[in-house]
Amino acid sequence: MGDLKLFHTFKLVRNFLFSWMNREFLIFLFFLFLSGTFWLLMALNETYEKEVEVPFQLVEIPKNVVLTSDTTTYVRVTVRDKGFSLLAYLYGNKISPVKVKFKNYAKKTGEGVISSPELQKLIFQRLFNSSQIINIKPDKLEYFFNYGLKKNMPIKLVGRIEPGQSYYLSKIFFTPDSVEVYASREVLDSIKYISTERLNISNLTDTLVRDVSLHKIKGVKYVPERVKISICPDILTEEKFEVPIVAVNMPEGKTLRTFPSRVTVTFTVGASLFRAIRPEGFKVVADYNEVMANPSEKCNIYLRSVPHGVRNARISVNQVDYLIEEQ
């Protein structure tokens, strides 16, 4: 029963496709396809210029050599040829990597240079005979190496980190906090730290952990090449302490007393740091030398030092009554 139904369906489809109207349509499609094919063949037979990438791979690197540049790089080559050939370059994987022996170009200076004529010669070996090279970028290839010379260097963040409103950046650290840098002695002596790629973050209100790349320097290799950065914001809170006023530059036998003897210091601090802040960390002073130089009914007081992490510290008054006593 099923076979009979399938045969009936096939018969209906066949009759539909080969009816008079549909036969005309099929003929139209056939000639459309045929003309499209001829147009494509004519187009591909024309000469064009196209940029293609040619991979270069450094091989036979001695075991005692540390390469401080990539082992594989790409040269962009503008090629002129028939469309068929260019299509093969672009989509047919016809350009195999050019393998360059390390010793052929390595110099005692710690670098190797493949000149423009040599590049062109090596690339020609990977192209069809009909192809012409119009342009090569870059016009030469360089690779850098040393024999294990390295230095451990710290990492520095480059960029702009903006905490959200009422927040501040309490801590920024890297994991690892330093990297091994391989380069020539001259380059190692000139580098003091390794920068990250530029990082821009705004309105940060929660801890952010991100993998970041290190800024590339020609002829320099990093181990590792990426590091993890942790950026920790903290919410700011306003607090107050009563702090004693201390007289400074007092001669022997004299005492400077202030009224009041303590003032209120108002400040902002991260919520996580507040427990570590003590009144003893603040220093409010009255200077005897200034009082003697400018006698008046009141003396100036100054907030001279605050604990680490405190922001926007200020005293409630800038002048107080005073009395100088002889001992």
Side-chain angles (χ1 to χ4, degrees), residues 154-175 177-178 193 195-196 198-210 212 227-252 254-325 327:
I155 305 165
K156 181 179 178 180
L157 172 65
V158 173
R160 188 174 182 180
I161 312 297
E162 295 182 350
Q165 188 174 4
S166 300
Y167 284 81
Y168 80 106
L169 297 179
S170 65
K171 187 164 52 174
I172 298 177
F173 61 93
F174 294 95
T175 307
D177 60 0
S178 61
Y193 56 83
S195 302
T196 65
R198 189 167 187 84
L199 190 64
N200 293 315
I201 299 171
S202 59
N203 196 33
L204 186 65
T205 59
D206 199 3
T207 298
L208 176 69
V209 179
R210 180 178 293 182
V212 293
V227 295
K228 183 180 293 183
I229 184 173
S230 299
I231 307 173
C232 308
D234 193 9
I235 193 165
L236 290 168
T237 178
E238 187 171 86
E239 303 292 344
K240 297 180 180 180
F241 279 148
E242 291 291 321
V243 177
I245 302 172
V246 179
V248 296
N249 297 320
M250 294 299 300
E252 287 187 19
K254 292 188 178 183
T255 302
L256 188 151
R257 299 187 185 279
T258 61
F259 306 94
S261 62
R262 305 171 72 87
V263 291
T264 300
V265 179
T266 305
F267 58 94
T268 56
V269 67
S272 63
L273 293 178
F274 176 64
R275 291 183 180 181
I277 304 299
R278 295 288 181 268
E280 295 78 15
F282 297 86
K283 187 176 182 180
V284 179
V285 302
D287 191 339
Y288 175 82
N289 290 339
E290 182 182 337
V291 171
M292 290 297 98
N294 301 286
S296 66
E297 294 182 356
K298 294 180 179 292
C299 70
N300 296 323
I301 58 174
Y302 303 95
L303 180 60
R304 285 284 171 85
S305 62
V306 299
H308 176 72
V310 165
R311 296 164 174 260
N312 303 322
R314 56 200 181 276
I315 50 180
S316 55
V317 294
N318 294 317
Q319 290 184 325
V320 293
D321 296 324
Y322 69 95
L323 178 65
I324 297 177
E325 298 178 343
Q327 292 182 351

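These numbers were taken from a predicted model, which means no experiment stands behind them.
The backbone N or O of C232 lies less than 3.5 Å from a partner atom in the side chain of S170, making a donor-acceptor pair. Side-chain N or O atoms of S166 include none that pairs as donor or acceptor with a backbone N or O of L236 at under 3.5 Å.
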Would you tabulate the side-chain donor-acceptor contacts of residues 260-269 under 3.5 Å, counting partners in other chains and residues two or more places apart, or write 'none'?
{"unit_1": "R262", "atom_1": "NH2", "unit_2": "E242", "atom_2": "O", "d": "3.1"}
{"unit_1": "T264", "atom_1": "OG1", "unit_2": "E242", "atom_2": "OE2", "d": "2.4"}
{"unit_1": "T268", "atom_1": "OG1", "unit_2": "R311", "atom_2": "O", "d": "3.0"}

For residues 200-209, dump all side-chain donor-acceptor pairs below 3.5 Å to protein atoms at least two apart in sequence or in another chain.
{"unit_1": "N200", "atom_1": "OD1", "unit_2": "R160", "atom_2": "N", "d": "3.3"}

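Here the straight-line distance linking atom OH of Y322 with atom NZ of K298 works out to 11.0 Å at 0.5 Å rounding. Atom CD of E238 is separated from atom CZ of F274 by 11.5 Å, given to the nearest 0.5 angstrom. Rounded to the nearest 0.5 angstrom, I172 CD1 and S230 OG are separated by 10.0 Å. How far CD of E290 is from CG of N249: 10.5 Å, rounded to the nearest 0.5 Å. Separating the CG atom in L256 from the CD1 atom in I245 is a distance of 9.5 Å, to the nearest 0.5 Å.
Applying the salt bridge (charged side-chain N to carboxylate O under 4.0 Å, His left out) definition to pairs two or more places apart or across chains, none involves residues 299-310. Among residues at least two apart or in separate chains, side-chain hydrogen bond (donor to acceptor under 3.5 Å, both in side chains) pairs with a member in residues 270-283 are D234-S272.
Looking at every heavy atom in both residues, Y167 comes nearest to P233 through CD2-CB, 4.3 Å. Between G309 and L273, the shortest heavy-atom contact is CA-CD1, 4.1 Å. In this structure, V158 and S195 approach most closely via the heavy-atom pair CG2-CB, 3.5 Å.
A 4.5 Å side-chain heavy-atom check between I277 and V310 finds at least one atom pair inside the cut-off. With contacts defined as side-chain heavy-atom distances shorter than 4.5 Å, the pair V227/V212 qualifies. Between V320 and C299 there is a side-chain heavy-atom pair separated by less than 4.5 Å. Looking at I324 and M292, their side chains come closer than 4.5 Å, going by heavy atoms from C-beta outward. In this structure, F173 and T175 have side chains that are in contact, with non-hydrogen atoms separated by less than 4.5 Å. Annotation: side chain of N312 is in contact with side chain of R314 (closest heavy-atom distance under 4.5 Å).
By the salt bridge (Lys or Arg N to Asp or Glu O under 4.0 Å) test, E239 is found to be paired with no residue, residues two or more places apart in sequence or in another chain being considered. Every residue two or more places apart in sequence or in another chain was checked for a salt bridge (Lys or Arg N to Asp or Glu O under 4.0 Å) with K228, and none qualifies.
No more than 12 heavy atoms of other residues, nucleotides or ligands shown are found within 6.0 angstrom of OH on Y193. Counted within 6.0 Å of CD on Q165, heavy atoms from surrounding residues, nucleotides or ligands total 12 or fewer; the atom is thus considered open.
For the side chain to side chain contact (heavy atoms under 4.5 Å, CB included) test with I301, the passing option among V246, V285, V317 is V317; the others fail.
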